[in-house]
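In what follows, a single structure is set out as structure tokens and then discussed.
We're numbering straight along the sequence, starting at 1. Excluded from the calculations below are hydrogen atoms, water molecules and symmetry mates; all remaining heavy atoms, backbone and side chain alike, are included.
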Amino acid sequence: MNVPSRARPYRTCYLARPVTSSFSAAWLRGDARALSFLPDRYRHPAARAEAVAAAASRTVSPALLDVLVARNARLAPSPARERHLELLSRPGTVAVVTGQQMGLFLGPLFTLYKAAAAIVAARALSQETGRPCVPVFWLQTEDHDLPEIDHCVVPSASGGPLRVALDLPDAAASRAPIAHRRLGPSVTAALATLRNELGDEPHAHEHLSLLERAYRPEATLAEAFTEVLSAVFAEEGLIFLDPRDARLAPLAAPVHRRAIQEAAAISDALAAHVRALSDAGFAEQVHIRPGAPLGFFSPDGIDGPRYRLDPAGPGRWSLVGHPEDATVTTDALLAALEREPLRFTTSALLRPLLQDTWLPTAAYVGGPGEIAYFAQLAPLYAHAGLPMPLVVPRARFRVLDDRARRWLGKLGLQPDALNTPREELLMQLAARDATQPLEPPEALEARLLGAITAELDRSNGPLLALDATLEDALQRTRGTVRVAVSRLVGRYGRALARRDTVTAERVDRLRTWLTPNGEPQERVLGLPYFACRVGTRAFTQRVLDACVPFSGALQDLTP
């Protein structure tokens, strides 16, 4: 293996952006083009029963079960989790799986929503089919993208979103799996910031104490995340699976071996499928590298940087992004896989295959990006001889607490109105609420241009009859008028927007709640504010109660 002893941090991006793919939106609408790549079987009871029956034919290996029992025994006490683990040991039990990266203080709200949706879907499948079904949370500890997970955002007293983050100077360059990343001393300052901001809320002590017990400097991101989420869903018996457990690495080795040895055939099949997706008008969510395996290799050890592999000639691979263009032979890779399998980690496309090799997965609960991943995965599952699970969209919520509803009432708005650009919304409100009715800017522009254009049109004939050379002057006049009217309307619009500072403040507060940083609330704001305000269990129970099985529709949630 031609690998230098010391590697500088390096990071490459391998996921196509944006996170929300055009495929997932079309699929949720029931677009026939999207359904030809990923059938919406989750909507149909007969298809759900078929998926459960297929999953029930597979069992969990004793080795995996032993690790699950041991790892979950270290979490918050949960008789329900113990029952689920016992059920998982029985033939015929199936799983509903979801997973997520280890966001600080649980990260954005959609992490909670995914877990709740998996729990509710497992209950529903069990009731529909009569087969035991347990919820499993796959901890995304193999990933290395620290900038995506090193922070949590809460609404602040000053009105804007407050980003509470760890101080990790090498976060952007890190390539090591986050399973090995300790929180470090900066987590203490992050917790103090949260307590300073949220300490006066009614249930702050209960929730912040939970965070402080878990998020210790010596703990890893994964350990703290799992400790908190296991406590949040202790009553529901959510099971946690960490693929970076050293005892599980030998069980992952066959999947990685096939990914290496059959890389060319797998990538060719996936690439052809992606071309069909592209021809149908959908973006490629995960780029397929010709001839490349779907995993990562860490040449410097299990906690070292991980690199993708690209073909570099017969029997040889390059480590993509390695600072010294290192290469490795197939024989050396397979020997490393035999000797130390934990040096191999999955990509976004290989992870589902590993998951469904280990577990009797009837359904996977995912977000928009994951739905788009699964649209690419049919050839991989066919190659492995595994049935694809049901793909179920996660629950989607927009939390409207008493403050938000009060502000909406005072403004006379529905929540969807906050999707309108800020200046446009302020103009609409100013025009609507004026003592003397004021027309919207676009109406003023149309009226002025219409009147002036009509006068120029009436003058066009007589002027040209007098002197044909006046045509250029008329055209220049039209252009000058359009520019002048546009400037006037712009100033008019800004004056409308400034007219009511109280309204502007209310709009800004609502935008902080409902569309912080211009994104959906659930993708930005974290649990701490809502848990501190209404209670961790109360908020979680409200989410569980509001979850509709097998529905990806956006719902308004009142805590």
Salt bridge (Lys or Arg N to Asp or Glu O under 4.0 Å) evaluation trace for K114 with E522:
CA-CA 11 Å; K114 288 176 82 172; E522 61 185 16; over 6 Å; no
Check the surroundings of atom [atom1] in [X]: do more than 12 heavy atoms from other residues, nucleotides or ligands lie under 6.0 Å from it?
{"X": "Q541", "atom1": "CD", "answer": "yes"}
{"X": "H44", "atom1": "NE2", "answer": "yes"}
{"X": "E218", "atom1": "CD", "answer": "yes"}
{"X": "D200", "atom1": "CG", "answer": "no"}

Search all heavy atoms of [X] against all heavy atoms of [Y] and return the closest pair with its distance.
{"X": "A26", "Y": "F282", "result": "CB-CE2, 3.7 Å"}
{"X": "L183", "Y": "L168", "result": "O-CD2, 4.1 Å"}
{"X": "R306", "Y": "P177", "result": "CD-CG, 4.3 Å"}
{"X": "P161", "Y": "T512", "result": "N-CG2, 3.7 Å"}
{"X": "L544", "Y": "R537", "result": "CD1-NH2, 3.9 Å"}

Residues [X] and [Y]: side-chain donor-acceptor under 3.5 angstrom:
{"X": "H144", "Y": "R181", "result": "no"}
{"X": "E142", "Y": "T346", "result": "yes"}
{"X": "T220", "Y": "R182", "result": "no"}
{"X": "R405", "Y": "T558", "result": "yes"}
{"X": "E206", "Y": "T536", "result": "yes"}
{"X": "Q127", "Y": "R123", "result": "no"}

Would the F550 and Y42 ring centres measure less than 6.0 Å apart?
no
Give a yes or no on whether the ring-centroid distance for W27 and Y373 is below 6.0 angstrom.
no
Does some side-chain heavy atom of T98 sit less than 4.5 Å from a side-chain heavy atom of W138?
no
Would you indicate whether the side-chain heavy atoms of S209 and R195 approach each other to under 4.5 Å?
yes
List the residues meeting salt bridge (Lys or Arg N to Asp or Glu O under 4.0 Å) with D402, not counting sequence neighbours, and say none if there are none.
R533
Does NZ or CZ of R351 come closer than 6.0 Å to the centre of the six-membered ring of Y364, within 45° of the ring's axis?
yes
